[in-house]
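So the structure is just underneath, and the comments pick up after that.
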Amino acid sequence: MDETLLSARGLSLSFGPVTALADVDAELWPGEVLAIVGESGSGKTTLLNVLSGRVAADAGVVWYRDPAGRLQDVHAMPAPALRALHRSDWGFVHQNPRDNLRMNVSAGGNVGERLMAQGARHYGRIREEASAWLQQVEIDPSRMDDMPRTFSGGMLQRLQIARTLVTHPRLVFMDEPTGGLDVSVQARLLDLIRTLVARLGIAVVLVTHDLAVARLLAQRVMVMQRGRVVEQGLTDQVLDDPQHPYTQLLVSSVLQA
Amino acid sequence: MIGYNFAYLDEQTKRMIRRALLKAVAIPGHQVPFGSREMPLPYGWGTGGIQVTAAVLGRQDVLKVIDQGADDTTNAVSIRRFFARTAGVATTTHTAEATVIQTRHRIPEQALREDQIIVYQVPQPEPLSKLEPSRAETRRMHALAEYGPMHVKLYEDITRYGHIAISYDYPVMVNGRYLMSPSPIPAFDNPKLDMMPALQLFGAGREKRIYAIPPYTEVRSLDFDDHPFRATRAPHACGLCGATDSYLDEVVTDDRGGRLFVCSDTDHCETRRAAGHVGEQAMAAE
Amino acid sequence: MLQARGLAKHFTLHLRGGVRLDVLRDVDLEVRAGECVALAGPSGAGKSTLLRALYGNYRVDGGEIRIRHEGAMVDIASAAPREVVAVRARTLGYVSQFLRVVPRVSALDIVAEAVREASPEEARARAAALLRRLNIPTRLHALPPATFSGGEQQRVNLARGFIGDHPVLLLDEPTASLDGANRDIVVEMIGAAKARGVAIVGIFHDTAVRDAVADRLLHVNPLQDAA
């Protein structure tokens, strides 16, 4: 527990004249949920993509401690190793589940894919596992052979989560996982993510513009503005006692229900 | 034939194709791009196979050409005549006599030998093409041996139909490394690919790809432990030669629902009949 | 168990032109195991701010807050966030005035989640027992408390705070919206916790409750207005 799972130093990235990341450091410990908050354009999704090795930074380094305890420079890893990492030890939950799911493959096949990619070759056991995961994300296993296009938005998002978690990743990146969903559906999904993450001890880097989501899921939060981390710390401390003007603005802009 | 080089293609082109073939043999199952030439027949008629055959053919070779197992269909007859005229090589319909066999959609029933080469005509060399439309992405998948989606397809088949519903062009793993399309041969023929003593060459003219399986290479049909691959055939005996272990074609014989199952490999059937085997239909006709 | 020295806290309101509000200055506090210290002073004097600072919810600008956590002293004021998370998980409990409702989670699970080192079944059994003791009828246990009355929510909150059995407990107006009978139960629970050696810091609006549970008072005095 005393070693970071992921640590980044001095990440910088510009798109032409636009600074997406400016000298960003980040650390994540095993089993910890870190929220990255900020408005659109603050660089939070870019940071997520750089941390997960999907986008290269202009400067800086991202270290990941693999299951064998070795430190891996994420951006220097050979493509096969990085892709293997994304298929097994890591997961990525997209805002739009259609970006991740195969819409012309049954729910069970979607969940089973990562298992098959890892070499699972027993149809019956793949189905058992898929069925168990559908139950975990509160999808009736009798829907296992149905196509995702017959699912609601909330179900699709839960299906994406099952598909991601089936290989028991240690680290999951989430990009606005509750964005674009109805409020009641959001609540259910948040509760599900919260429960699964706590039970499985998964470390999560969560990008959200919704401070309530950060408060519910994350122990720590990083506030980003124009590519910089302006404030970070314990989630409740940052949200209840914000120090930076920008954080105070964000917190005070939230509607109280 | 005057005005043409031996076997139609110029020597530079043949060399280019042979270099691609050597690379293909060195990396079993891997698709090698090559500069496919315009041939005097349309794509889909075996332009890839013809170019490979032209590149490997020597003056002493004996050529056999089959289409769906038959030596006497238009495509087979045309290609056989093409090489008889442009290369002047001997041709045969007997599998045992041939040194080079060009085929569309079948492997002869008679086991091939080390001194034979079989050339397959391939319409679509990419086994992942139906799952992943991007060429760049399928190349990456091959490079990283990411074949999960192919198994997802098999999984979906079992889920939907109770079995793997691929009756031809059944995907295989070559030498434990590359996923390969065996060309549209029936799944029945897949076991013949494995550890075959003959050299197997595959040519796709329109898609400009060549690949190969060297002799005695392991070729496994994809499957699941609890749904193993099974080579299936129509559950009949050949109406002409009585064979019960060959791949059969169904022939409609009249407009009253009459039909006949006969060996798709015409040479195999004729050889058996010459040896005295008689099927039910042939018996009834006598 | 808890030792705070020279605490100082001010708020800078950037949205109001950078107005600076000084709330705490030079606050010292020490609480031993089994002792209950009540914070006293007029409203707005900074009692809640002090309590939140002790919990690490508010950042202090000066001083230290040392808490005995698994045999060692940890300074909440300077500890890394994840150390604070660990201290809160195992040592430092907090009962706020209001329950922060988690959508869709039942009252029973809200309490059971706070049970430490027990199987899920045992955690639920203990949670149910404590909720019943606080007069939350069993028929409500399976419901999310969002629709509960203020008093019911407060009692769910108390159950959640007490069930973790933390060695140090911070109570912010725990009996504010409770009737007499329930107030007495809470007084009883605080007494039992003290007997187990729990160190408690609390804000008790109700002087009867305060007199019943507090061993000492710490007066928190309002500072002069913005300097």
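Predicted model only: the values in this text are computed from it and were never measured. Side chains are part of it too, since the values below use all heavy atoms of this structure and drop only hydrogens, waters and symmetry mates.
For A/R215, the CZ atom sits in a packed shell: over 12 heavy atoms of surrounding residues, nucleotides or ligands are nearer than 6.0 Å. Counted within 6.0 Å of CD on C/E70, heavy atoms from surrounding residues, nucleotides or ligands total more than 12; the atom is thus considered enclosed. Atom CZ of A/R65 has more than 12 neighbouring heavy atoms from other residues, nucleotides or ligands inside a 6.0 Å radius.
Atoms CG and OG, from C/L15 and A/S253 in turn, are 7.5 Å apart once rounded to the nearest 0.5 Å. In this structure, CG on A/D240 lies 11.0 Å from OH on C/Y55, to the nearest 0.5 angstrom.
The pair A/D236-C/R88 meets the salt-bridge criterion, since a charged nitrogen lies less than 4.0 angstrom from a carboxylate oxygen. A salt bridge links A/D241 and C/K9; the closest N-O separation between the charged side-chain nitrogens and carboxylate oxygens is under 4.0 Å. Salt bridge absent: C/R82 and A/E27 never bring a charged side-chain N and a carboxylate O closer than 4.0 Å.
If you tally non-hydrogen atom pairs under 4.5 Å between each of A/L234, A/V238, A/T195 and chain C, the highest count goes to A/L234.
Residue contact with chain C, scored on non-hydrogen atoms closer than 4.5 Å, is absent for A/L190. A/Q243 touches chain C through backbone and side chain together, each having a heavy atom under 4.5 Å away. Contacts between A/R188 and chain C at a heavy-atom distance below 4.5 Å involve backbone atoms as well as side-chain atoms.
Not a single donor-acceptor pair under 3.5 Å links the side chain of A/Q219 to the backbone N or O of C/V85.
Using a 4.5 Å heavy-atom cutoff, the side chains of C/V105 and A/R194 are in contact.
What you find for A/G233 and C/P81 is that their closest heavy atoms are CA-CG, 4.1 Å. In terms of heavy atoms, A/Q248 sits closest to C/H14 at OE1-N, 2.9 Å.
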